[in-house]
2 protein chains.
Amino acid sequence: MANRSVTSYDVAKAAGVSQSAVSRAFSPKASIAAKTRKHILNVAREMGYQPNAIARSMSAARNATHQRSGIVGVIVTRLQDPFFSETIALISRRLQAHGWQMLLFTVETEAEVDDALNSLMQFKIDGVMILSAILSDQMAQACKSQGIPVLLYNRDTDGLGVSSVQIENREGGKIAADFLCETSHERIAFIGGERDDATSKAREDGFADRLAEAGQSVFLREYGDYTFEGGVEAGLRLFSRHEKPDAVFCASDVMALGVLHAARHQLGLDAPKDFSLIGFDDIPSASWPGHALTTIRQPVRRMIQDAVELLIDRIEDTELDAVIRHFPGTLILRDTVRL
Amino acid sequence: MANRSVTSYDVAKAAGVSQSAVSRAFSPKASIAAKTRKHILNVAREMGYQPNAIARSMSAARNATHQRSGIVGVIVTRLQDPFFSETIALISRRLQAHGWQMLLFTVETEAEVDDALNSLMQFKIDGVMILSAILSDQMAQACKSQGIPVLLYNRDTDGLGVSSVQIENREGGKIAADFLCETSHERIAFIGGERDDATSKAREDGFADRLAEAGQSVFLREYGDYTFEGGVEAGLRLFSRHEKPDAVFCASDVMALGVLHAARHQLGLDAPKDFSLIGFDDIPSASWPGHALTTIRQPVRRMIQDAVELLIDRIEDTELDAVIRHFPGTLILRDTVRL
DNA sequence: ATCTTGAATGAATGCGCATTCAAAATGCAT
DNA sequence: ATGCATTTTGAATGCGCATTCATTCAAGAT
C-alpha cells in the first residue's frame with residue numbers, strides 16, 4: 001500500500017533528463033536552462049515529487065558549503081506556563097520566517113536538558129536554543145566540537161562560551177525594590193520560583209540587595225514553584241502570619257496572580273488596599289482588567305527576535321563569536337500597588 | 001574549526017572492528033557478541049560518537065522494516081492560546097515517552113496548513129497531527145500515497161479517510177443549552193470564535209438546536225475571534241443593547257473570561273448576579289478562584305493520550321484503518337451561573 | 001566557415017548508516 | 001579429534017540527493 005515515494009530518478013526518467021538535472025531544477029542557484037527547469041518542475045509537480053530533505057542534508061554533509069538540516073532544536077521547561085508558551089509561539093514564527101523548522105523538546109527539570117540535547121543531536125540539528133535552563137560543560141563542549149551553536153535564553157552562560165539572550169534579573173528585582181521603598185512600604189515580602197532556581201535567585205538577590213541599600217530587609221520569603229497554585233499557597237502562608245506584609249514581589253506573574261486570587265477570595269484582602277503586589281514577565285493575563293497587575297515587563301518580542309537572529313547568524317557563519325545580550329525589564333504600573 | 005563529527009568508521013577504526021560491527025552495537029536486536037558490543041560502546045562513548053539519525057533513516061529507507069525518521073510533525077494554530085499550549089505540552093510529553101520527536105509548525109490560518117504540511121513532508125516525518133484545522137483532499141491524498149498517517153485533533157475528517165480524535169462540539173453546545181433552559185434563562189446569547197470556524201459553528205449549532213427544541217432561540221450572537229480581547233469586545237456589544245441577555249455561552253473559556261472581566265470592570269455587571277456565563281474547554285485559569293467559570297470541560301489528557309497512541313499505532317502498522325474517536329464534554333459547575 | 005567562450009548537461013561519486021551475503025569462528029555432540 | 005549447527009564478523013551495497021568533472025552544445029567573434 002504505502003507507495004514508496006517519488007524520487008528524483010523517477011522524475012528524471014519521466015522528464016527525459018538526468019537525475020542531476022532534476023536536482024539542479026530544485027537548486028535555485030544551479031546552472032540549468034530556464035526551459036529545462038520549467039519542464040522538470042512541471043513534471044515533478046504532476047508526480048507529486050518533493051525533494052527529500054533528509055537525503056538532501058545527507059548529501060550536503062560533505063561540502064563545507066552548507067551542511068544544514070534546516071532544523072533548530074529548542075528545549076523548554078514548563079511549556080504550559082503562559083510565559084513560555086508565548087515565547088515558543090514567537091520562536092516558532094521567527095524560525096519559520098527564516099525558513100527553519102523547530103524540533104521541540106520539553107523537559108521537566110533542568111537535569112534532563114543534557115539528555116534532551118543528546119537526543120536532539122542525533123538529528124544533526126543546525127543549532128539549539130535552550131530556554132531557562134543550563135547545560136553541562138561537557139555537553140557545551142560536545143556541541144562546540146560538532147559545530148552546533150547554542151543559545152541560552154534567559155539563563156547565564158557561566159563561562160560556557162555559548163551565546164545568550166537574557167533579561168536583567170537582578171536589575172528587575174532592584175526596580176521592584178526601588179519602587180516599593182519609594183512608596184514607603186515597610187514589610188516587603190518576596191515569592192520566588194524554586195529555592196535554587198538561578199533566575200528566581202537573581203531576581204531575589206537584586207531585590208534583597210536594593211532593599212538593604214535602603215535600610216530595609218526582605219520581610220518574608222516564600223516559594224511558589226512558578227505555578228498559580230504555588231502562588232496561592234505561598235500567599236496564604238504569607239498572610240496567615242500575625243504581622244502581614246504590606247507588599248509582595250513575585251518572581252513571576254503567574255504566581256502573583258495566584259496571590260491576588262487567594263487574597264481576594266480566600267483571605268478577604270485586596271491589592272492595593274491591603275497590600276501592594278508586583279509580578280514579573282507581563283504575561284497577557286496580567287493586563288486583564290480584573291487583574292491589572294503591576295509587573296516588570298520582559299521585552300519578549302525583541303528578545304526572541306534577537307535570540308533567533310543571533311543563533312541563525314552563528315549557524316550561517318560558524319566563525320562568529322558567542323554573544324551575550326542583556327535586556328532591561330520595565331516597570332509596568334497598573335493597579336496592584338498603592339502609590 | 002567545526003570538527004566534522006565522529007562517524008561509525010572512526011569508531012570502527014579506533015575499536016579495531018568493522019563499521020558493520022559499530023552499527024550492530026547500536027542496534028538492539030542485531031547479532032553481535034556481548035563482549036564486542038560492550039567494547040564498541042565504550043570506545044564510542046569516549047569518542048563522543050552518536051549514530052546520525054539522519055543517515056540512519058536514509059539507510060533504513062530501503063528496507064520495508066522500519067523506514068522511520070523518529071519524527072512526528074505537529075501543526076498548530078493559536079499556540080499562545082492556553083488551551084493549545086497545554087495541548088502541545090501534553091503531546092510533546094507523550095510523544096517523547098514513546099521515543100518520538102516533535103517537529104512543530106505553527107500557522108496563522110487554516111489555509112496555511114497545506115503549505116506547512118508540505119514543508120514538514122520534506123523531512124519524511126513518520127506521521128502528522130493537525131490541531132483544530134483541516135487539510136485539503138489533495139494533501140490528504142499525498143499523505144496517504146506516501147504512507148504518512150494523519151491525525152486530526154478536534155476537527156472532523158470530512159470523509160478524508162484520516163484518523164481523528166475530537167470533542168463532541170454539538171453535544172457540548174447542547175449541554176450548555178440544556179442547562180440554561182432548565183435554569184429558566186430567557187435571553188440566551190452566544191459568542192463564537194470565528195463566524196465560519198467549524199468548531200465554533202458546531203458548538204453554536206448544537207446550542208441553537210437544543211434551544212429551539214426547548215422553544216427558545218438564540219437571543220444574540222457575537223464573535224470574539226477566540227481571544228480575550230475579542231471576548232471583551234463581544235461582551236461589550238452584547239450588554240450595550242437595551243435589552244440585555246441573561247445568559248451567555250462562549251465557544252471558548254478565554255473569550256468567556258473576556259466577557260467576565262469586561263462585565264465586572266467596564267460594565268458594572270457580574271455573574272451570576274446579572275447574567276449567567278458558560279465557557280468551553282476548561283483551561284486552567286477558568287478554575288482560578290476569582291473566575292470560577294462554569295464551563296464544558298474537554299478531557300484533554302485522555303484525548304491526547306488516545307490521539308498519540310492512535311497515530312503511533314498507525315505508524316507502526318500501516319495496515320491499520322483510520323479511526324475516528326469522539327469524546328463527550330462535561331459540564332463543570334462553578335460560580336458563574338445562577339441555579 | 002572556423003575558433004573561442006561560456007552555459008548546459010550527464011555520469012559518477014560520496015554523505016553515514018543498516019543490512020545482506022558469504023566467510024570465519026565458536027560451541028556442541030559424537 | 002571430527003563433524004555439524006550456530007553465532008559472529010567484515011566487505012559490499014544502496015538509501016536520495018548535491019556536487020564535481022568532463023563533455024557537449026549554443027552563440028558570438030573573427
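Order of the sequence lines fixes the chain letters, A, B, ..., with proteins taken first and strands second; residue numbering starts at 1 for each chain.
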Quick one: which residue pairs count as a ring-ring contact (aromatic ring centres under 6.0 Å, His included) with a foot in residues 101-155 of chain B, not counting sequence neighbours? none
Among residues 30-45 of chain B, which contact DNA chain D at a heavy-atom distance under 4.0 Å? B:S31, B:I32, B:A33, B:T36
Integer-rounded Å distance: [N] [atom2] and [X] [atom1]:
X	N	atom1	atom2	answer
B:R24	D:dT8	CZ	C1'	8 Å
A:M58	C:dT13	CE	C1'	13 Å
A:K13	C:dG10	NZ	P	15 Å
A:F26	D:dC17	CZ	C1'	12 Å
A:N52	D:dG16	CG	C1'	6 Å
B:Q50	C:dG16	CD	P	15 Å
A:Q19	C:dG14	CD	C1'	13 Å
B:D10	C:dC15	CG	P	11 Å

Within less than 4.0 Å of OP1 or OP2 of D:dG10, is there a side-chain N or O belonging to B:S18? yes
Taking only N and O in the side chain of B:S23, is any of them less than 4.0 Å away from OP1 or OP2 of C:dA18? yes
NA contact type, B:V17, heavy-atom cut-off 4.0 Å: base, sugar-phosphate, or nothing? sugar-phosphate
When all nucleic acid strands are considered with a 4.0 Å heavy-atom cut-off, which category describes A:Y9: base, sugar-phosphate, or nothing? base
Do any N or O atoms from the side chain of A:N52 and from the backbone of A:I54 form a donor-acceptor pair under 3.5 angstrom? yes
Just jot down the salt bridge (Lys or Arg N to Asp or Glu O under 4.0 Å) partners of [X], sequence neighbours excluded, or say none.
X	answer
B:R302	none
A:E86	none
B:R155	B:E110, B:D197
B:R301	none

Ranking B:S27 and A:A55 by the position along DNA chain C of their nearest nucleotide, the one closer to 5' is A:A55
Just distance, no hydrogens or angles: give the donor-acceptor pairs under 3.5 Å from side chains in residues 73-81 of chain A, sequence neighbours left out.
{"from": "A:D81", "atom 1": "OD1", "to": "A:F83", "atom 2": "N", "distance (Å)": "2.8"}

Please identify each residue that fulfils ring-ring contact (aromatic ring centres under 6.0 Å, His included) with B:Y49, with sequence neighbours left out. B:F26
Overall bend - the helix from C:dA1-D:dT30 to C:dT30-D:dA1, comparing terminal axes fitted on five pairs, nearest 10 degrees: 30°
Non-hydrogen atoms of A:M47 and A:V11 that approach each other most closely: SD-CA, 3.9 Å
Which nucleotide in the list D:dA11, D:dC15, D:dA18 gets nearest to the side chain of A:S59? D:dA18
Can a donor-acceptor pair under 3.5 Å be found between the side-chain atoms of A:S20 and the base atoms of C:dA11? yes
Non-hydrogen side-chain atoms of B:L135 and B:L152 separated by less than 4.5 Å: yes
